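A short write-up of the structure that comes next.
Nothing here was measured: the structure is a model prediction, and the numbers come from that model.
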Amino acid sequence: MTGILFALEALVLTACCIACGWRLLHYFQLESYQLPGYRKSVRRNAMRAALPPVAVAALGVSCVRLGAPVLLRLALVALLAALTFLRARREKAKKPFVLTERVKRLIAVHAVTTLVLALLALAVSPVLGYLLPAFEPLLVALAAVCAQPVETKINNQFLNDAKRRLDAMPGLIKIGITGSYGKTSTKFLLRDILSVKYSVLATPSSFNTPMGVTRVIREQLMPSHQVFIAEMGARHVGDIRELVDLVHPSIGLITSVGPQHLDTFGTVGRVRDTKYELIEGLPQDGIAIFARDGAHCDALYARCPLAAKFRPGDLVEASGVEAGPWGTRFTLTDVQTGESRQMETRLLGEHSIANLLLCCTAAKALGMTLEEIALGVSRCEPVEHRLQLISGAGGVSIIDDAFNANPVGAQAALRVLKHFPGRRIIVTPGMVELGGREEEFNRAFGKQMASSVDIAILVGKKHTRPIAEGLLDAGFDESNLHVVGSLNESTELLHTMMRAGDVVLYENDLPDNYSE
């Protein structure tokens, strides 16, 4: 009987560890199964990450020290772990936890490694055994390390299959798009324009990692497709090179270089060099297209050795730009022939023309006429959560720019907001992943905001403190500044103050692993 109880204790403690660490598994998934990002998420959310497993461990140790019978203490510990699990499952997440095949494998490895540790710990001391849940953040990391060789082998199989599928389509035009910001919007705009002439497949949403792109190739690429557009994201040096090795694009677009993901890159110089990995991977007869920014992108253009390298203004140029709540219009001129066409789109803001010009330049390089390009531009729609104009209830307009704020994008959103009549309201938690300069950028954001909004609602008391300081330093009326603890609180506050004619800008929406 003693042996059975011993085994039962180990099994129950293993299940309790996994149950009270459910949120930790979610963090690991949100960080793309990368341990450095997972560690930062755990540190950033120390109370939410550590408190549930520590509480379970504390209850178990207390029961042991009080001499509670084995079955009773197991029941109490299991009950608390189950309640913790249910609470984590019920929490509303911006990006829900998905039980993918990889997560299932991770949980299986987690169960095996934790069971072994539980048996060893209980053999030494019951107290040590019941302390095990307190180490759940480390147990998840241990399981990830143990599972990595298997995951690498599986990933390589998928990657090689995707490469074979691409190699089987030698006539496919492959385009890579990268940039600190604007790459997702540019990808969809280019898809819409090129679709006038070609059958185009673009990676959906923000599928911009090797496995995300691989999945699209394996599941969606068809022999009938003539163009494949791959968004290429990066958080570390070498990430773009890995994607280029997968796709082997013949055309590369760089939309921007700026202070994004500085928490992993460290400097903008490393961001710039990583983006250039796309151009370095193009063939000698490839086409490179760069944004014209008077800074990093221009430097990369000068550095590029390819004969076919272009910037907006080299093949086509825009003039007569007009922007308003209705959208944007401009005249596009073929630089070589002087031919012009009027372009009109529902995209908001003059800055959207920069992305459109990149796409028009690529389309022209692929031989499309101005008439075809104009038709494509007219079909372009705002990308979801990127300056997307939505008609709200009661005559209120919503500008949804919640995807991922950055210094340049935030300024552009504020300029768009200025075009709207009526009271202008912003709801924002500010910007993240900007390394040691995060407070500096958020304070500048507050100062810029002061002249563009009438009411500011800041989400997250600690993280938005620099924004509030910037607002007040710029003379913003403190009575129109509201700081709330969550997005739900901001919604409740908005309902008490909104009236017909108001326009509300939602600027950024922090992921679940950034919750205060």
Would you mind checking if [Y] and [X] are paired as a salt bridge, meaning a charged N to carboxylate O distance below 4.0 Å?
X	Y	result
Arg23	Glu136	no
Arg164	Asp161	yes
Arg73	Glu9	yes
Glu101	Lys104	yes

Does either side chain, that of [X] or that of [Y], offer a donor lying less than 3.5 Å from an acceptor on the other one?
X	Y	result
Ser62	Arg65	no
Gln148	Tyr33	no
Gln220	His225	no

Rounded to the nearest 0.5 Å, how far apart are [atom1] of [X] and [atom2] of [Y]?
X	Y	atom1	atom2	result
Leu74	Leu5	CG	CG	8.0 Å
Leu278	Leu253	CG	CG	8.0 Å
His236	Gln34	NE2	CD	6.5 Å
Asn488	Leu493	CG	CG	12.5 Å
Asn442	Thr464	CG	OG1	8.5 Å
Leu80	Cys16	CG	SG	8.5 Å

Close side-chain approach of [X] to [Y], heavy-atom, < 4.5 Å:
X	Y	value
Leu201	Met222	no
Val103	Ile107	yes
Gln29	Thr100	yes
Arg241	Val244	no
Leu106	Phe28	yes
Glu478	Leu472	yes
Ser452	Met449	no
Thr491	His495	yes

Which pair of non-hydrogen atoms, one from [X] and one from [Y], has the smallest distance, and what is that distance?
X	Y	result
Glu231	Asn208	OE2-ND2, 3.0 Å
Gly60	Val77	CA-CG2, 3.5 Å
Ile398	Tyr506	CG2-CD1, 3.8 Å
Thr184	Ser205	CG2-O, 3.5 Å
Ala143	Val109	O-CG1, 3.6 Å
Gly258	Val271	O-CG1, 3.7 Å

**Request:** Apply side chain to side chain contact (heavy atoms under 4.5 Å, CB included) to the pair Leu35 and Tyr38, showing each step before the final yes or no.
**Result:** CA-CA 5 Å; Leu35 281 173; Tyr38 168 73; 4.2 Å; yes

Is the side chain of [X] donor-acceptor paired with the backbone N or O of [Y] at a distance under 3.5 Å, no angle test?
X	Y	value
Asn508	Gly430	yes
Glu31	Pro36	no
Thr255	Tyr181	yes
Thr178	Met232	yes
Thr214	Ala162	no
His463	Met431	yes
Ser486	Glu489	yes
Lys187	Ile177	no
Thr428	Glu507	yes
Ser185	Gly182	no

Is the number of heavy atoms from other residues, nucleotides or ligands within 6.0 Å of [atom1] ([X]) greater than 12?
X	atom1	result
Lys447	NZ	no
Phe135	CZ	no
Arg215	CZ	no
Arg465	CZ	no

**Request:** Quick one: do Leu172 and Leu221 satisfy side chain to side chain contact (heavy atoms under 4.5 Å, CB included)? Show the steps, please.
**Result:** CA-CA 10 Å; Leu172 183 69; Leu221 186 63; 4.2 Å; yes

**Request:** Take Thr84 and Arg87, measure what side-chain hydrogen bond (donor to acceptor under 3.5 Å, both in side chains) needs, and give me the verdict at the end.
**Result:** CA-CA 5 Å; Thr84 301; Arg87 182 178 179 182; over 6 Å; no

**Trace of the side chain to side chain contact (heavy atoms under 4.5 Å, CB included) decision for Leu347 with Leu189** = CA-CA 10 Å; Leu347 300 176; Leu189 298 178; 3.6 Å; yes

**Asked** Can you tell which of Thr186, Ile240, Ile279 makes a side-chain contact (heavy atoms from CB on, under 4.5 Å) with Ile254?
**Response** Ile279

**Request:** Kindly indicate, with the supporting measurements, whether the criterion side chain to side chain contact (heavy atoms under 4.5 Å, CB included) is fulfilled by Thr114 and Ile18.
**Result:** CA-CA 9 Å; Thr114 305; Ile18 296 172; 5.5 Å; no

